[in-house]
Amino acid sequence: MKTTTNSDTVIVLDFETTGLSPDCGDRAIEIGAVKLVNGEAVERFQQLMYPGQRISRFIEDYNGISNNMLKKAAPCEEVMPAFAKFIEDFNLVAHNASFDSRFLDAELNRVKCKQRENFACSMLIARRLYPEAPNHKLGTLVRYKSLPNDGTFHRALADAEMTAHLWLTMMQDIKDRHSFAAIPFEVMQKLARTSKQATTGFLRRESARVSKI
DNA sequence: TGCCAGGCCCTCTTTAGGGCCTT
């Protein structure tokens, strides 16, 4: 029996890839994801994935994933169906979601799995909530908000874990500032699309609206 | 460390250009 619902569960995910664009032939080489249920990490997914091509020295240096490691990794045809099962129809979160969503769609498309649209971007939301931060790179925000980390960066699960902490911290900061009892996922999605000047008014209105539901 | 692309935001804008962020 399914024990969680779409509303209380989000999947925070991160891809390591061979480059920046699946349209230019780049492939995913590692997936990391954390399932959050009612604000708690209850399950994790981490898998290297053989991309069918050698990766560049830059990528090896960037994330520490080597060609030798990928030779032994499972192919897309094995990993993606398992990942599609892991994420089910839950809402998705990523840091700079436009990047991860393109790779997710591309890899799901290879195995004929359903593509996804219900993404929220932690980077766009962080820009709204923390305009005073030095910048909005994941590592900078982890330091800026003193979020838990083990010092590992640019590996899929480690980045997904940090993004999950950032997501929960942003939710809590919004609750503290605007008296939300709970924040619907759709409000977070809309917040990312709200202009900087309109952010405070938007959250005030949404808080009042949600409290009446 | 940087480049590739794409989506988004901001502003000295909207008939545009540049910066940020992801690997």
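Remember, predicted model here, so these are calculated numbers, not experimental data.
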- [ ] For the residue pair A:Phe103 and A:Phe99, categorise the inter-ring angle as parallel (less than 30°), tilted (30 to 60°) or perpendicular (more than 60°).
- [x] tilted
- [ ] Identify whether the distance between the nearest side-chain nitrogen and carboxylate oxygen of A:Asp173 and A:Lys145 falls below 4.0 Å.
- [x] yes
TODO: Determine the interatomic distance between P on B:dG19 and the same-named atom on B:dC4; round to the nearest Å.
DONE: 12 Å
Open item on the list: Expressed as a whole number of angstroms, how long is the span from A:Asp26:CG to B:dG6:P?
Closed with: 11 Å
- [ ] Applying ring pair (Phe, Tyr, Trp, His ring centres under 6.0 Å), name anything that partners A:Phe15, two or more places apart in sequence or on another chain.
- [x] none
TODO: Pick base, sugar-phosphate or nothing for A:Ala192, based on heavy-atom distances below 4.0 Å to the nucleic acid.
DONE: sugar-phosphate
Pick out the pairs of N or O atoms, protein on one side and nucleotides 20-23 of chain B on the other, that lie under 3.5 Å.
unit_1	atom_1	unit_2	atom_2	d
B:dC20	O3'	A:Arg127	NH2	3.4
B:dC21	OP1	A:His136	N	2.5
B:dC21	OP1	A:His136	ND1	3.4
B:dC21	O2	A:Asn96	ND2	2.7
B:dT22	OP1	A:Leu138	N	2.7
B:dT22	O4'	A:Asn96	ND2	2.9
B:dT23	OP1	A:Asp159	OD2	3.4
B:dT23	OP2	A:Tyr62	OH	3.0
B:dT23	O3'	A:Glu16	OE1	2.7
B:dT23	O3'	A:Thr17	N	3.1

Task: Gap in Å between the two C1' atoms, one belonging to B:dC21 and one to B:dT14, rounded - done: 24 Å
TODO: Report which part of the nucleic acid A:Arg128 touches: base, sugar-phosphate, or nothing (heavy-atom distance under 4.0 Å, all strands).
DONE: sugar-phosphate
Task: B:dT13 and B:dG18, which share atom name P, separated by this distance in whole Å - done: 13 Å
- [ ] Report the residue (A:Leu124 or A:Arg57) whose heavy-atom-nearest nucleotide on DNA chain B is the more 5′ of the two.
- [x] A:Arg57
TODO: Quickly, which of A:Val12, A:Ile125, A:Leu147 forms a side-chain contact (heavy atoms from CB on, under 4.5 Å) with A:Leu166? Name it, please.
DONE: A:Leu147
Open item on the list: Whether A:Lys35 engages the ring of A:Phe90 as a cation-pi pair (distance to the six-membered ring centre under 6.0 angstrom, angle to the ring normal within 45°) should be assessed.
Closed with: no
Task: Rounded distance (Å) that lies between atom P of B:dC4 and atom CZ of A:Phe103 - done: 15 Å
Task: Separation of atom NZ in A:Lys196 from atom C1' in B:dT11, rounded to whole Å - done: 10 Å
Task: Integer angstrom distance from the C1' of B:dG17 to that of B:dT1 - done: 25 Å
Task: Lys/Arg-Asp/Glu bridge criterion (N-O < 4.0 Å) met for A:Arg27, A:Glu107 - done: yes
